[in-house]
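This is the structure I want to talk about, given as structure tokens.
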Amino acid sequence: MTIPLPRRAAAEAVGTYALVTAGCGALIINAQTGDLGHLGIALTFGLVIAVMIASFGHLSGAHFNPAVTVAFALTGHFRWRAVPAYLAGQFSGALLAALTLRLLFGASLHHALTRPAAAPLQSFGLEVLLTATLMLVIMAVATDHRAHGTPAALAIGAAVALGALWGGPISGASMNPARSLAPALIAGLGEHQWLYGLAPLLGASLAAYLYQWLRAASASESAGEGK
């Protein structure tokens, strides 16, 4: 049964809401209590993604990330006509989550913002690399029929947590325009947010094309070996 586009977009909104609420909420709570630590924050982002993919993957494909949606469309794995609805769902879910955190924690929402720890260009490059790594995992487990046995939710969640573990202290390890831009908008702090919109889009798109090439090359070699 084909699920109508509005319902799929709504599923994207719910999943993105959960991502921003849990992940950004962990940042705020850790700033107030110190109980979670860097490892706890990274695991929170990874776990919420894994849970949401397992819960909504069969409904919407569980993108929860505008960069992923655009990259899928660029490589022919998603229809362009559905992109606006998915982006609307993702950003509305992220904005509602940021509003929720603002109501719960007030001005402490600024602890959830992604900001470069050093030079903005360094964070830009790191965000491109982190998002590209994440997108390679997503492409492998979500688009390749040969990987149908892969536990996609765990693999993607682990990729998010890994990126947050090693890249978080420098760039914030956003890898997701909605996750960064929505809290910045609600908090009224937009410095350097351009890089958190552009870098994930660039990284995801490059990685999607790279995996397409790798898959085509692998299929060609396998066909040649069979002759």
Side-chain angles (χ1 to χ4, degrees), residues 15-49 64-71 87 90-135 157 159-207:
T16 311
Y17 176 87
L19 164 63
V20 175
T21 303
C24 293
L27 286 164
I28 296 170
I29 290 171
N30 186 67
Q32 293 183 349
T33 68
D35 288 341
L36 292 174
H38 180 51
L39 176 60
I41 293 168
L43 288 177
T44 299
F45 274 104
L47 286 171
V48 70
I49 280 292
F64 309 142
N65 187 334
V68 171
T69 298
V70 171
L87 297 189
Q90 292 155 4
F91 277 107
S92 64
L95 286 168
L96 184 58
L99 284 170
T100 300
L101 294 175
R102 184 61 181 265
L103 288 172
L104 289 173
F105 301 106
S108 293
L109 177 63
H110 77 272
H111 291 299
L113 302 187
T114 40
R115 287 173 282 200
L121 286 179
Q122 181 188 52
S123 289
F124 181 88
L126 188 55
E127 285 294 318
V128 171
L129 179 59
L130 292 172
T131 313
T133 303
L134 172 61
M135 192 67 201
V160 170
L162 179 61
L165 276 173
W166 78 272
I170 299 299
S171 70
S174 170
M175 301 174 276
N176 186 330
R179 172 263 176 272
S180 289
L181 299 181
L185 181 62
I186 298 303
L189 300 170
E191 187 178 13
H192 302 308
Q193 290 303 311
W194 63 269
L195 73 87
Y196 296 108
L198 182 58
L201 288 169
L202 179 59
S205 299
L206 290 174

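In what follows, every heavy atom counts, from backbone to side chain, and hydrogens, waters and symmetry copies are set aside. Note that the structure is a prediction, hence the values are computed from the model and not measured.
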**Closest contact, heavy atoms only, Met175 versus Glu127** =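 Smallest interatomic distance, heavy atoms only, reads N-OE1, 2.9 Å.
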**Asked** For Asn176 and Leu19, what are the C-alpha separation, side-chain angles and deciding distance, and is it a side-chain contact (heavy atoms from CB on, under 4.5 Å)?
**Response** CA-CA 10 Å; Asn176 186 330; Leu19 164 63; 3.5 Å; yes
**Message:** Just so I know, are the side chains of Gln90 and Asn65 near enough to count as touching, which here means a heavy-atom distance under 4.5 Å?
**Reply:**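 The answer is no; the side chains never approach within 4.5 Å.
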**Request:** Report the distance from atom CD1 of Ile186 to atom CG of Leu99, rounding to the nearest 0.5 Å.
**Result:**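 The CG atom of Leu99 is 4.0 Å from CD1 of Ile186, to the nearest 0.5 Å.
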**Shortest non-hydrogen contact from Ala112 toward Cys24** =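 Where Ala112 meets Cys24 most closely, the heavy atoms are CB-CB, 3.5 Å.
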**Prompt:** Okay, side chain of Tyr196, backbone of Ser171: is any donor-acceptor separation there less than 3.5 Å?
**Reply:**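 Pair found, side chain donor or acceptor close to backbone of Ser171.
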**Prompt:** What is the minimum heavy-atom distance between Ala71 and Met135, and which atoms define it?
**Reply:**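 Reported closest heavy-atom pair: CB-CE, 3.7 Å.
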**Atom of Ser205, atom of Leu201 and distance for their closest heavy-atom approach** =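 For Ser205 versus Leu201, the nearest heavy atoms are OG-O, 2.8 Å.
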**Prompt:** Passes side-chain contact (heavy atoms from CB on, under 4.5 Å), Val160 versus Leu134? Steps please.
**Reply:** CA-CA 7 Å; Val160 170; Leu134 172 61; 3.8 Å; yes
**Request:** Looking only at non-hydrogen atoms, find the nearest pair between Arg102 and Ala107 and report the distance.
**Result:**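 Closest pair (atom of Arg102, atom of Ala107, distance): NE-N, 4.1 Å.
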**Message:** Determine whether Phe105 and His111 satisfy the following criterion, side-chain contact (heavy atoms from CB on, under 4.5 Å), listing intermediate values before the conclusion.
**Reply:** CA-CA 10 Å; Phe105 301 106; His111 291 299; over 6 Å; no
**Message:** Evaluate Thr16 against Phe91 for side-chain contact (heavy atoms from CB on, under 4.5 Å), listing each step before the verdict.
**Reply:** CA-CA 8 Å; Thr16 311; Phe91 277 107; over 6 Å; no
**Message:** Is the shortest side-chain heavy-atom distance between Ile49 and Phe45 below 4.5 Å?
**Reply:**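 Not in contact.
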**Message:** Within the structure provided, determine whether Leu126 and Trp166 are in side-chain contact (heavy-atom separation under 4.5 Å).
**Reply:**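 Side-chain contact under 4.5 Å: yes.
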**Asked** Which heavy atom of Asn30 sits nearest a heavy atom of Gly37, and at what distance?
**Response**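 Heavy atoms only, the tightest pair is OD1-N, 2.6 Å.
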**Asked** What distance separates Leu129 CG from Phe124 CZ, expressed to the nearest 0.5 Å?
**Response**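 So the CG of Leu129 and the CZ of Phe124 are separated by 12.0 Å.
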**Asked** Within a strict 4.5 Å, meaning less than it, do heavy atoms of the Pro183 and Leu101 side chains meet?
**Response**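 Heavy-atom side-chain distance check fails, nothing below 4.5 Å.
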**Between CG on residue Leu43 and CG on residue Leu165, distance to nearest 0.5 Å** =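 Atom-to-atom, Leu43:CG and Leu165:CG are 6.5 Å apart.
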**Interatomic spacing from CG in Leu202 to CG in Leu195 - rounded to 0.5 Å** =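 Taking CG in Leu202 and CG in Leu195, the distance rounds to 12.0 Å.
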**Item:** Contacts of type side-chain hydrogen bond (donor to acceptor under 3.5 Å, both in side chains), residue Ser180, not counting sequence neighbours
**Value:**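 Residues passing side-chain hydrogen bond (donor to acceptor under 3.5 Å, both in side chains) with Ser180: Thr114, Ser174.
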**Item:** Point-to-point distance, once rounded to the nearest 0.5 Å, from CG of Leu95 to OG1 of Thr100
**Value:**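 Output value for this atom pair is 10.5 Å.
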**Request:** Can you measure from CG (Leu113) to CG (Leu189) and round to the nearest 0.5 angstrom?
**Result:**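 These two atoms lie 5.5 Å from each other.
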